[in-house]
2 protein chains.
Amino acid sequence: MSSHSVHPATGTRKRRPGKSPSRHTEADEAISLDTLAGHAGYAVRRFQLWIFQDFIRTLAAVDIKPTQFSVMTVIGANPGLSQMAVAKRLGIERARLVHLLDSLERRKLVKRVQSAVDRRSHALHLTASGEASLRKFKQLAAEHERHVADKIGKANREQLLRILSCFA
Amino acid sequence: MSSHSVHPATGTRKRRPGKSPSRHTEADEAISLDTLAGHAGYAVRRFQLWIFQDFIRTLAAVDIKPTQFSVMTVIGANPGLSQMAVAKRLGIERARLVHLLDSLERRKLVKRVQSAVDRRSHALHLTASGEASLRKFKQLAAEHERHVADKIGKANREQLLRILSCFA
DNA sequence: GAACAATTGTTGTCGTCAACAACATTATTT
DNA sequence: AAATAATGTTGTTGACGACAACAATTGTTC
C-alpha cells in the first residue's frame, strides 16, 4: 500500500511546498493503459495529434495547415487536375475540397481554370505567387519533418514511412 | 507524351464500353504526390483514418467507438480515477470527457461516485455490466487488431508499436 | 437523335473532435 | 482569512468526415 502522498482519486502527487507550483503532474505514467498499449490505433492517434500540432506550429508564420499543404503540393506537381482527381488522390471529400480551394483561391495561391475538354470541371493550377509560396512552404515542412526525426529517431521515421507506404 | 486514353483534366481513364461501368478509376496512382510521399504526417493521417474506420466497423454491433473504448479500458484498469486523471492520461480535454462519460453513464457502463477525499471530483468505476461488456469489447478490439496485422503485416505492426511507444 | 444514366462542382446538414474560455464549487497555499 | 489553484461543467469556435441533394454537363443506350 504505497500511498505515500498520492492522491487516491486523481493519481497525481500533491505538489510539495518547495516544488514548482502545479507545473507538471509527474505521476501520470503510473496509470495503466492495460490492453490499450497493444493497440496500434491508440498510438497512431496520439502520434497524429502530435505531428499535426507541430506542423501547424512550424508553418504558423505562413498560415498553412496540413490539408492545405497537401492540396497545393499535388496541384503543383500535377497542374491541370480536376477537383475530383485531387480529392480522390488525397482521400478528401470533393465537397470539402470546394471550401479548401475557395480559401486558397482567395489568397491568390491557386486558380480554377475552365477546362477546355470538359465544361463541367475546373483545371487547377498554382498562381505564380502560389508557386513561389509553395517553395517556402516546402522548406518549412522539411523543418517540421526534422522535428519528427528528432522525436522518434531518424531510422525509425524512415521505417515508419516504409511500413505505411501502402497508404500513400 | 504517353497520353494514351487518359483524360488530361481528371487523370482518370475513360471507361471503355466493355469495362465495368465506373467501378473504380484505376489510374489514380499515376498522380504524383511529390514531396508528400516523404512526409510522415500524410501517411499517418491516411493510416489513422483507415484504422478508425475498421475499428468502428468491427465494433459496430456493440456501438463502441475508439475513444469510448479507451476511456472504459483505462477506468477498468484503474478504478476510482478522477475525470482529470483519465483526461490527462488519454490526452482528452476534460471538457470533452464530460460528454463521453454522460453517454457511458446513460448506458449503465460507467458510474461516477462522489469522492470521499475530494468533494470536487468524481471517482470513476465500471458498473458490473460495464465490466462484462468491456470483456466483450476487448475481444472485438483484438479482432480489429488482427485486421491491422493483415493490412500492414504482423512484424510491421509490432515495429510500429515499438516506434510509437513513446507516445503511449 | 432522344431518353436515360453517370460525373462534376456546389451547397447544405449532421455528428465528431480539438481547442478555448468562463463559471461555481471545493482545496490548497500563504 | 485571503489569495490561488484544481475540478467538473457549460458553451463556443473551427476543422473535419460522411451524406444527401441539386444544376450543369457528359456519356450511354435504345
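As the structure is a prediction and not an experimental result, all values here were calculated from the model. Every chain is numbered from 1, with letters handed out A, B, ... down the list of sequences. Note: hydrogens, waters and symmetry copies are ignored here, and every other heavy atom, side chains too, is used.
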Practice prompt. Indicate, yes or no, whether a donor-acceptor pair under 3.5 Å links the base of dT7(C) to the side chain of R120(A).
Written response: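 Check passes, donor-acceptor contact within cut-off.
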Within less than 4.0 Å of OP1 or OP2 of [N], is there a side-chain N or O belonging to [X]?
X	N	result
R94(A)	dC19(D)	no
R45(A)	dT16(C)	no
S121(B)	dT26(C)	no
T67(B)	dC17(C)	yes

Worksheet item: Can you check whether Q48(B) reaches F47(A) side chain to side chain, under 4.5 Å on heavy atoms?
Response: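 Result no, sub-4.5 Å side-chain heavy-atom pair not found.
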Worksheet item: Base, sugar-phosphate alone, or nothing: which one does Q53(B) contact when heavy atoms must sit under 4.0 Å apart?
Response: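 Counting heavy atoms under 4.0 Å across all strands, the contact made by Q53(B) is with sugar-phosphate only.
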Discussion item. By the 4.0 Å heavy-atom rule, please label Q83(A) as base, sugar-phosphate, or nothing.
Written reply: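 If one applies the 4.0 Å heavy-atom cut-off, Q83(A) turns out to touch the sugar-phosphate alone, with no base involved.
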Item to complete: Could you tell me whether the side chain of S129(A) and the main chain of K108(A) form a donor-acceptor pair under 3.5 Å?
Response: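 Confirmed, S129(A) side chain pairs with K108(A) backbone.
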Discussion item. Any carboxylate oxygen within less than 4.0 angstrom of a Lys/Arg side-chain nitrogen, looking at D34(A) and K138(B)?
Written reply: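 Counted as a salt bridge, because a side-chain N and a carboxylate O are separated by less than 4.0 Å.
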Worksheet item: Relative to the 5' end of DNA chain D, which residue comes earlier, R96(A) or R119(A), by the nucleotide with the nearest heavy atom?
Response: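 The residue closer to the strand's 5' end, by nearest nucleotide, is R96(A).
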Item to complete: Rounded to the nearest angstrom, tell me the gap between atom CZ in F55(A) and atom P in dA18(C).
Response: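 In whole Å, dA18(C) P lies 20 Å from F55(A) CZ.
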Practice prompt. Report the C-alpha distance between H125(B) and V110(B) in whole Å, list the side-chain angles of each, state the deciding distance to 0.1 Å, and finish with yes or no for side-chain contact (heavy atoms from CB on, under 4.5 Å).
Written response: CA-CA 6 Å; H125(B) 296 270; V110(B) 164; over 6 Å; no
Practice prompt. Would you indicate which nucleotide in dC19(D), dG9(C), dT9(D) comes nearest to any side-chain atom of A95(A)?
Written response: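 Among the listed nucleotides, the one closest to the side chain of A95(A) is dC19(D).
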